[in-house]
Each structure stands twice: as C-alpha cells, then as structure tokens.
Amino acid sequence: MTETRMPFRAEVSRLLDIVVHSLYSEKEIFLRELISNASDACDKLRYEALTQPELTGEDTEFAIAISIDKKARTLTISDNGVGMTRDELIENLGTIARSGTTAFIEQLAAAKDKKGDVNLIGQFGVGFYAAFMVAQTVEVKSRRAGSGESWCWRSDGKGEYAVEPDPKTERGTDVIVYLKQGEDEFLDVERLRFIIGKYSDHIAIPILLNGEEKPANRASALWMRSKNDVTPEQYKEFYHHVAHAFEDPALTIHWRAEGKLEYAGLLYVPGMKPFDLFDPKRRHGVKLYVKRVFITDHADGLVPPWLRFLRGVIDSEDLPLNVSREMLQNNPMISHIRRGVTRRVLGDLAKLADSTEAYAKFWDNFGAVLKEGLYEDEEHREDLLKLVRFRSTHGEALVSLEDYVGRMKEGQESIFYICGDNAERLARNPHLEGFKSRGIEVLLLTETVDDFWPTAVGAYKEKGFKSVTRAGEELGKIKTTDGTTNETEKKTEATGDLASLIALVKLTLGDEVKDVRLSDRLTESPVCLVADEGDIDIHLERFLKQHNQIKTPSKRIFEINPKHALILKMAGRAGASGASDALGDVIWLLLDQARLIDGEALADPSAFGKRVNSVLATAIG
Ligand code: ADP
Ligand code: MG
C-alpha cells in the first residue's frame, strides 16, 4: 500500500491557522500537550488490559520517552500506550469530532486577539495541533495495541495530511516533530527538562529524557501526595491537564476520605464556564480511578448533575479494579462517594462565599447549574439554599436569601420574585411598582431553572416564594412607605366613572382577559396583566408554551391604575359618554402594551398597527 493524501476537515484547517498564528504566547506548551496525550494513551491501555491482559503482554511498564536528534533537528515523543489504527489516526488527527466545535471556531476566529476567549480552545482538543507552532512537519507513527499493523500520519499543517504503512514494530505512538527554523531551543536537553518540570511534573507516568534512566518528572499521582507536598503551581498545571483548561481554577479541593470507604479526591471548580455546560446530557468532568488506574471519564452517578462543572479526579481504594464501566451505574459505593464529594464541595463553596468578589465570579459562571440542585436534590436543598445568590431590586450586589429575609417588611410573609429574561428590564417592570412604593425587595430571576425551583422548594425559613404576578392580596396588606395601605382605597374601588370604565373595558376585551380590576400595585404605569392567585406564573407559562407543554394559555387579570392620568381621563369619558371607537382603540392598545412589557408577542400585530395609526391621527388632528 502506498501513501494516501487527504484534506483536513474545514474546521481543522481554520483551527490550525488560529493555533499557529495567534493562539499561544508560549510555544513551549506544545510539549505539554504531546506529553499529556502520551499519558492519556497509557491510561487507556492500562484500563483495556484489565480485561485483556494480552494487549500489554510482557511490556507492562508504561513510559514516555523524549529524544532529541540535533542533526535531523527533530524531537520525538514516544509512548507505549494504546496507539492508533489507521482509521483512528484519520479520525483523531484529521477531524475535530466534538459537537459544537465548528460554531466555536467561528467564534474564536472572530475573537482572535482576545486572549480570554482563546483560552477556551483547550476544551476542543486542539492539543495535538499545538505541535504546528514549532514544527514544519509532524509525523505520527503508531501501532494499536493488539494490532499487527503500524501506520504513519504526516502533515505540514497546511490543508492536508498523508497516511501510509510504517515499519514500526512496537505498540504505541511516536510523535516526531521536525522543528522549524529558529526553534532550536527545543533541541536543548536542559530547556526540555525545565519545560517538563514546569508543566508535566504531575504526569503519573515516568518521562524519560534523552535516554536518561531517572525520570524528568516525579511520576507519582499528584492526588495521592499530601497537600504540603504539592505547590500551587503543580495544582494549577494538573488542573490544566485534567480539565483541558488554561485559566486558573476558582477553587482547588484536595482531600482524602477515610472510614467506611477510602478514596482520594482532587477536584477543581473551573475559573471559566465550559462551552458544554448546558448540554442536555449533563455529563460531569470528574475522572474515576481505582488504585491509580484510570477507569473512566463518565462514571454516572459519581457527581450529581448539578455539580457537573467540577473537573478532576476521584481515586477509590475499594472499587474492584475489574469494575466495568457499565457496572458503575447504581453501584452503592459510587453513591456513597457521591455523597461525600457533594458534602465536601458544598462545604468549600460555603467558604468561598465568604469572599464576595470571588464568589460572585463563581456564581456568574455556575450559579444556574447549582440551582438545578434546588429542585432535583432534596437531600442537599438546605445547604444549597444558603449558597444561592440573586440579583434584586435592592441594588447591584448579589443577595443571599438570608440577606433578603433580614430586609423583609413588617407584614411581609413571602419572598417575592419576578421571572424574565433580563434583570435590567425586569427591574423596570410595572409589576414592581407596588413593591417599590412599599420598599419591598424583589428577586430578579433570569435563568430558565428559575421557572421551576421556587415551586419545588416552596419556602425558605418558612417564608414562601411568591411570584409578583400573584402577589396582589398580600401586597394590599403591607403599608406603602408614605404610610397608607390600600385596604381603604379598595373599598371605594369601582364607583362612579371608574366603575363605568371597568364595565367598558370588560365589554371591549371580552374573553381576552379573565377579569378587569383596579390595581393596588401600579404607581407609574397605567395597566398590567397579572395571574390569578391559583394560576400558573406568567413567565413559567410562556416557557411551557415554547416547549409545547401547554396549548391554551390561561387568561390573565387586567389591572388598571386608578391614579394614572390616562386612566382618569378615560374614566371621565366613559362616565360622560360611554363607549366610543377612540376609547375602544385605547383600551386594546393598553392591553397590547401590557403584553409587550411582559415580553409577550402581540396577538394581532396588524390590528395593533391600525389602532396606533388612528390614535396618532387624532393626536395630530
Ligand atoms: P485531546 O487530547 O483533548 O483529546 P488532542 O488534540 O490532544 O485532543 O488529541 C486528539 C486525539 O488524538 C486524542 O483524543 C487521542 O485519541 C489521539 N491521540 C493523540 N496523541 C495520541 C497518542 N500519543 N496515543 C494515542 N492517541 C493519541
Ligand atoms: Mg490532548
């Protein structure tokens, strides 16, 4: 068989372009990436060999060898790991298999010079391509463990690559980097030793440099070392390795559990939001090891879905080494570990919460995920309620439920919230006017999960959660800041002209609304739509409608503000001369306005347009 040439997939070409030209300020990290891949390959084979020992045969000592050829100007990174078949070479090095990648690269290309966004790239397995920062050509010679064939993949990183049979006889992979002019520093043993020490010391497999016997790294699992024995730099580098991340972690959690089950945990809360945080599969990023042997990235149940942003390693002493990945599901030891992990992480998050700024950053990244725990994990609800934070009408800073309850007004029984898409816009919603006039704080909820947990949780410290769209009755009982309650006003409700107006509005809108009432919540706006006490919250209903969970929306109560100039004028007209076309137009326009402010679509945009025009014509008139 001879050489086959193939083009890179389009997204790989674009990625290569970005990597080579603008990605990393420090080219030396290409070595870290290649070592990281070699280490992963050894981990994979060690796992496969648990059930198929013939795959490793005699050769069970895993190692990564780095050799320098000054004459040929090459650097070779060899491992005796799992290796790749011809198909795997093509699949792994010629495409980027992960979902969402193409969209991501588009985004990246647009943000080329913004280092922050560019950091995200590690999550996409760009790792290998980093070699092209220093290489004019890269060759990957590989033999899959258990296979009788070897293959060589070769590319100059410019659009295509070639694959051909290779004479290599041992299993594993040699990555041969043909250095570009000017990159001679990577032919210097001491320079390489320094780079390995800096980025790869935590790699648990020995890295043998240029034929030396003593490894250039410590070659012991970092998570098994005692805390005093690990420097902050080493923790950070290990994070970069396990999380495929480049930024500093927000939190490093390293502990050893003893007792009924023994395990070591080294977990990180990332400093940035992973791109697939809201992937419907909700998979976590914690690797499971058993006695230093890598078992799987995807141990279901090892970490609750609402902590899926965690990265790192759990290494169990008790699980059997031959545990199959499938057997892990519903394994009682795994559930036991999950509880321990959860307790530990929640404890450390509670400590992080003492530092307002750092916690705000964490919250911004992962708060929405943590809140999923509020409704799906009753066991940890109490702890989670202490950790949740909100935007509120009280000011810019995030507030806790404890803060909120501490500021509740006399006579206030519920924790009020409003759901919507955008906190700034919510803060201006007419529903809040009656709360403002009473100095009552309202939580501004903008996440999809916020539509669900308040009902599931019910209450915090016996204060029920209540949507402002259903707060009418309670609001009426609380004093406004100028000292009045609305009870008295309510009694004078629908008399005189206002009664005529209400009758007219009811007649005009007919079945469009459930009822028409005077409002005690509005101060500045003429009208708003509210849900009846027992009805579903407006925002939640919209969400359910979008997801086809409900077909016919429930009708709303149309509230009008008896103090608003426009309403008073309308009432005067209604009292004096009853119905008119002009008054009808205004009533319909007010209903549409209320819908628009709630973020709803207009039922009939062209009718809306006609009415606006006729009202405008009269105004100029
Ligand atoms: P990542 O390591 O994040 O998956 P890389 O770009 O570093 O992404 O590598 C792409 C893929 O190529 C790896 O997932 C792996 O399947 C394969 N690969 C790279 N280097 C090796 C190696 N030395 N041995 C076996 N497979 C490798
Ligand atoms: Mg990699």
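Numbering of ligands and ligand atoms starts at 1, following listing order.
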Taking the side chain as everything from C-beta on, heavy atoms only, tell me whether [X] gets closer than 4.5 Å to [Y].
| X | Y | result |
| --- | --- | --- |
| Lys214 | Glu212 | no |
| Pro165 | Trp151 | yes |
| Trp363 | Leu398 | yes |

Please state which part of [X] comes within less than 4.0 Å of ligand 1, counting heavy atoms only: side chain, backbone, both or neither.
| X | result |
| --- | --- |
| Leu93 | side chain |
| Val175 | neither |
| His244 | side chain |
| Lys44 | side chain |

Would you say [X] has any N or O atom under 3.5 Å from an N or O of ligand 1, going by distance alone?
| X | result |
| --- | --- |
| Asp79 | yes |
| Tyr129 | no |
| Val82 | no |

Checklist entry - Ion pair present between Arg282 and Glu376, side-chain N to carboxylate O less than 4.0 angstrom? => result yes
Next on the checklist: Check this for me: does any side-chain nitrogen of one of Glu317 and Arg292 sit under 4.0 Å from a carboxylate oxygen of the other?
Outcome noted: yes
Next on the checklist: Please verify the inter-ring angle class for His241 with His202; under 30° counts as parallel, over 60° as perpendicular, anything in between as tilted.
Outcome noted: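 Geometry flag for His202 against His241: tilted rings.
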Checklist entry - Using 30° and 60° as the class limits, which term best fits the ring planes of Tyr263 and Trp255: parallel, tilted or perpendicular? => result perpendicular
Checklist entry - Do any of the N, O or S atoms of Ser36 sit under 2.8 Å from the Mg ion (ligand 2)? => result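 It does not: Ser36 brings no N, O or S atom closer than 2.8 Å to the Mg ion (ligand 2).
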Item to check | Options Ile64, Leu89, Asn37, Ile77, ranked by nearest heavy atom to atom 9 (O) of ligand 1, top entry | outcome: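 The option holding the nearest heavy atom is Asn37.
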